[in-house]
Amino acid sequence: MSATARSVPGASTPDANRWRALVFIALAQLMVVLDATIVNIALPSAQQDLGISDGNRQWVVTAYALAFGGLLLFGGRVADLWGRKRAFVIGLTGFAAASALGGAAQSGAMMFGARALQGVFGALLAPAALSLLAVMFTDAKERAKAFGIYGAIAGGGGAVGLILGGFLTEYLDWRWTFFVNIPFAIVAAAGAYFVIREPEGGRNRSPLDIPGVILSTVGLVSLVYGFTRAESDGWGDSLTVGLFVAAAVLLVAFVVTESRVKAPLLPLRVVTDRNRGGVYLSLGLAIIAMFGTFLFLTYYLQVVKGYSPVKTGFAFLPMVVGMITGSTQIGTRLMTRVPARLLMGPGFLVAAAGMLLFAQLEIGSSYATLVLPALLLLGLGMGTAFMPAMSLATYGVQPRDAGVASAMVNTSQQVGGAIGTALLNTIASSATTSYIKDHIATATSKPQQQLVQLQGMVHGYTNAIWFAVGILTLAAVVALTLVNAGRPGAAQVASGEGVEDEVPVPVVAH
């Protein structure tokens, strides 16, 4: 143990229940990540049952995304103020109640309200979960293992959601995609209540920065909604442009406010640190590439290849295996031996190689020879990169800022997901339209016209996937140039009040 750790109150006595606590934290994280994709599979059935119009169906996804993305920073700050354990248990309880409301929905409005409530409590729960890990696991090797498990769940849970969503929708009822959250939440909340013991002295009891809360929430909601509208109404739509302008003005005002107030919602020291800033940016870029590809591959397998929802879900399993392997076997083993950038940069490049294979998709492409190896590479690369990124995002941060630093990880992922879905979908749609326009005249029979439409769809996907390859390569460049910390956790991470921002590490990569 380092001298640094011995001089910090509480750092030398890690919680005896921390590994049991990790089980419940991981379970809660799995529930939140599952929910992001499980509802997408159920959406067509729910839309039909509740009589939701095609124009309004996007609100099942958008209501959640706006509440979750807009309130994450506020949720992280509340966790620092109330205590992470309390915020975690309240977040779980509220998420379970909102899920029950969604499962029992009798109208579109009731469904949209339930999804927004899930987003509100998810924004409290997600940063509390990550910051609990940050303050409970202070030993280098233990921290590597804990974040390896967390990173695997954060990365692979979405694909598991596709499998579970397919099963529940096909064999039970779409309502079970909501009800399934309830046992997850009850077990995680009960376990957390009895097992988690948060280290003393880590709360930030400064008064809440109300102007910061309003500016960040409205700014992030405008940004996420702007990208959502761009997907459905186009980038030149006046309301879309207005939302982007409003988001820019509000977020600039937020940064100015945070630099001047005594107790900011987001202390700028959290994001101006070169390593954390590099992590937030590279993670956001990677999620942009990943989310769009999830969507394309789901449509490719179901519409072009004719897979059922369950078969589609199982088709994603190799990516989950790759993520778990990259996170727990590569990332965990190497995190205390090599600088983080030498895991993140190559990890994103391996994922980009997987994307490069996806860019070769054609109507007749074989799952075994193209889709399977592409998914394995994507999962392996993302798992390897996510694991040190999750750890470094909260590494060396003052305990009183752990919640808001964790919220920034989730914010970069949420905004990245909104950008990825809108941006890559727009590129794919315009490429598809252009292809069909150029080739439909030569199709004289109905089967030929259907073939041209499928070819146009695949052409659109591959065009957008080329952009995803470039974005992942950019994420690798950002990680390799900005992230210059040594081995995360090479010294014991301090977890006491008043510790300065950076903890010395013996190896620094220049």
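Note that the coordinates shown come from a computational prediction; the quantities given were computed from them, not determined experimentally.
The main-chain N or O of A63 is never found under 3.5 Å from a side-chain atom of R115 such that the two would form a donor-acceptor pair.
Contact annotation: the side chain of V60 approaches that of I52 to within less than 4.5 Å [non-hydrogen atoms, C-beta and beyond].
Note: I330 CD1 to T384 OG1 = 4.0 Å, rounded to the nearest 0.5 Å. The line from CG of L283 to CE of M344 is 6.0 Å long, rounded to the nearest 0.5 Å.
By the side chain to side chain donor-acceptor pair (under 3.5 Å) test, W235 pairs with T426, sequence neighbours left out. Annotation: ring-ring contact (aromatic ring centres under 6.0 Å, His included) contacts of F68 (sequence neighbours excluded): Y64. Listed by chain and residue number, W176 satisfy the ring-ring contact (aromatic ring centres under 6.0 Å, His included) test with F179 (two or more places apart in sequence, or in another chain). In this structure, the ring-ring contact (aromatic ring centres under 6.0 Å, His included) partners of Y461, at least two apart in sequence or on a different chain, are F296.
You'll find the ring centres of F244 and F227 inside the 6.0 Å limit.
Taking the ring axis of Y307 as reference, the NZ or CZ atom of K311 stays within 45° of it and closer than 6.0 Å to the ring centre.
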Output a table of donor-acceptor pairs, distance under 3.5 Å, between side-chain atoms of residues 350-362 and any protein atom two or more places apart or on a different chain; print 'none' if there are none.
| unit_1 | atom_1 | unit_2 | atom_2 | d |
| --- | --- | --- | --- | --- |
| Q360 | NE2 | L356 | O | 2.9 |

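Within 6.0 Å of atom OH in Y225, more than 12 heavy atoms from other residues, nucleotides or ligands are found, so the atom counts as buried in its surroundings.
Every pair passing ring-ring contact (aromatic ring centres under 6.0 Å, His included) that includes a residue from residues 422-441 is listed here, sequence neighbours excluded: Y435-H439, Y435-H459.
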